[in-house]
Each structure stands twice: as C-alpha cells, then as structure tokens.
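Not measured: the values here are computed from a predicted model. Below, all heavy atoms of this structure are taken into account, side chains as well, without hydrogens, waters or symmetry copies.
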Amino acid sequence: MHRPNPHKPNLNKITSFAIFVNALQIACALAILLYAIYNRDFTIPESAEIALVAFTAALVIWGAVVDIRDAFITRKVEDQRRMLEEAYRQLEDLNRTLRAQRHDFKNHLQVVYSLTEMAAYDDVQEYVQRIYEDVQSVGSFIRTSVPAVNALLSAKAADCAERGIAFETDIQSTWDPIQVPGWEMCRILGNLVDNAIDAVLEAKDRTPQVRVCIGEDIRSWTLQVSNNGPEIPAAQRREIFQPGFTTKAAGRGNGLSIVAGLLEKYGGEMRLESDHECTCFSCSFPRTASVLPEE
C-alpha cells in the first residue's frame, strides 16, 4: 500500500490562495479608482504617493508570481492526469483480456471433456498445453503489487509481439510497498522499454529481444531493462540522459531524461552497461525513499 506523498500539491489550497490574491488585487484597484472618481482633488503627499505606487506594484508582482506558480502546478497536474488516463487504459485492456480468458474457460473445459471421451489423449495434452501458454502469458505480468505496472507490462508485451520482438519478463519481487507512485513508475518503465524497442529495431542482424527484470535486495527495489540492440557509444552514455538529446526522429529525445529526473526525485540510481551484445539499464530505489520537495 502506497503512503501518501506529503509534498503533493493541495489543489484546494492553491486555488483558494490564487482566488484570494486576485480578489485582493481587484479590490485595491477598485478602491483607487473609486477614490479618484469621487474625489476631484485627488492630491496626496509625495511620500504617500510613493508608498501607494510601491504597494500597488508589489501587489501586482505578487499576483503575477502566484499566477505563474499556479500555471506550472496546473501543467504538472495535467501531465499526471494524462499518465493516469494511460495507466487506466492499460488496466482496462488487461481486464478485458482476463475477462475473455474467463469467458473462454467453460468452452475449453467442454473441448477437453469431449477429447477425453474420444480417448484422444494426445490431442488433450496438446490442447491443454496451448491453454496453459495463453494463461501463463497474461498471468506472468500480474505479479507485482502495482496494478498499473502489471497492465503496462502486458501492453508492452502485446506491442512487442506485433513487431516481432521477443519480450521476456523476470518478476522476482512484488514491489510491496514501493514508495514510487504507480503512474510515475509506469513513466520510468515505459520510457525504458520504449527506448529498448527503438534500439532493437535498429539491429538487422539478430532476432530482437527485450527483457525486463523486477527484483529487490535488502536495501532497495530493483529494475533492469535490457535489449540486444546496437552498443551505445561511450561518448554518448552521459549525453543520452540530457533533455532533447536523441539519435532518432525529432521529439523523441526526452524519455531517458524523464527517467533520470524521476530517479533523482525518489532518491534512485541508474547504471548503464552496453556492449555489442547487450545494453542494460539498471535502476534501484531505496526501500525508505524520501521524495524531494516540489519546486
């Protein structure tokens, strides 16, 4: 069970504060305007005038700062909303697959029963083997305590199957209770898997393979995403984590920088190993991760 994030923005407080600041600005502006209208001899001492101008300018600047801050928070919340929608869509896809398997189970039993009555035991064995492989292919992803991660793995497996990429998972831990929220762990895992898929599609001389390993040790939760694509040149191994750096099409250079930023946010670490046979991104998250304060 995930612990609540103490640094999560409180939208009610943020909204109320923004309304208060803007209402105060409007009230001060109206007060000055009404005073000027109903007092024809609108003359005040120079010191008072300077104080009034300074107060008005400070109020306007304060309001602008609050509005800018709220704009950044709103953009971040919108990014979270999109990621949650994507995670929910993946969960729906996984749920449909599970419902379809449940619906087909009765039909499978009828087929097995009929084959048994006909004493076609070799056919029964072959049929049961196919059913087992189908169920195992979905069940292999439902092993962590993070439903969004389970759904993401299932979705990526289906994507790789369509592209002719061998997708393997080795889930040795349930990640319970990992400190990273499910939707942000999906950002980390999804970007690493997408990066691996792009890499293996560049290799034309081998069967493309992507492997995900989820584990733990006494200090941390671990994640490894490896592929058998081309080796990453040593000169690029630092640059690939910089925003905008890419060797692909425009707009595809932020995935690894997002991963690096999230790892930093949750106190995680990442190690990159690459040679002509395999490239592996290894991530670790401390079991007692403390989230950095929101900017």
*Evaluate the salt bridge (Lys or Arg N to Asp or Glu O under 4.0 Å) criterion for residues Glu273 and Arg271: first the C-alpha distance (whole Å), next the side-chain angles of each, then the deciding distance (0.1 Å), finally the verdict.*
CA-CA 7 Å; Glu273 299 173 342; Arg271 185 177 70 256; 3.3 Å; yes
_Intermediate values then yes/no, side chain to side chain contact (heavy atoms under 4.5 Å, CB included), Ile214 and Val149_ = CA-CA 11 Å; Ile214 291 174; Val149 168; 4.3 Å; yes
*Give the C-alpha distance, both sets of side-chain angles, the deciding distance and a yes or no for side chain to side chain contact (heavy atoms under 4.5 Å, CB included) between Ile165 and Thr207.*
CA-CA 7 Å; Ile165 300 171; Thr207 303; over 6 Å; no
*More than 12 foreign heavy atoms under 6.0 Å from CZ of Arg238: is that the case here?*
no
*asked:* Working to the nearest 0.5 angstrom, can you tell me the gap between Gln179 CD and Ser220 OG?
replied: 12.5 Å
*Starting from the C-alpha separation in whole Å, work towards a yes-or-no answer on side chain to side chain donor-acceptor pair (under 3.5 Å) for Thr279 and Asn227.*
CA-CA 5 Å; Thr279 294; Asn227 67 83; 4.5 Å; no
*Less than 4.5 Å apart, any side-chain heavy atom of Val193 and any of Asp159?*
no
*Evaluate side chain to side chain contact (heavy atoms under 4.5 Å, CB included) for Lys156 paired with Asp194, printing each intermediate quantity in order.*
CA-CA 8 Å; Lys156 294 302 181 184; Asp194 288 342; 2.7 Å; yes
_Just verifying a value: how many Å separate Leu189 CG and Cys283 SG, rounded to the nearest 0.5 Å?_
9.0 Å
_Nearest-0.5 Å distance that lies between atom CG in Asp176 and atom CD in Glu216_ = 9.5 Å
*For the atom pair OG (Ser173) and CG (Leu223), what is the distance rounded to the nearest 0.5 Å?*
11.0 Å
_Side chains of Val210 and Asn228 in contact at under 4.5 Å (non-hydrogen atoms)_ = no
*Around Glu168, counting heavy atoms of other residues, nucleotides and ligands shown, do more than 12 lie under 6.0 Å from its CD?*
yes
_Test log, rule side chain to side chain contact (heavy atoms under 4.5 Å, CB included), inputs Leu153 and Ile171_ = CA-CA 11 Å; Leu153 288 173; Ile171 303 178; 4.0 Å; yes
*For the student: nearest non-hydrogen atoms of Trp221 and Pro286, plus distance*: CD1-O, 4.2 Å
_Beyond-backbone contact of Ser282 with Thr222, side-chain heavy atoms, under 4.5 angstrom_ = no
_Please find the pair of heavy atoms, one from Cys213 and one from Gln172, that lie closest to each other, and give the distance._
SG-NE2, 4.3 Å
*To the nearest 0.5 angstrom, please state how far the CE atom of Met270 sits from the CG atom of Leu262.*
10.0 Å
_For the CG atom of Asn191 and the CZ atom of Phe281, what is their distance to the nearest 0.5 Å?_
11.0 Å
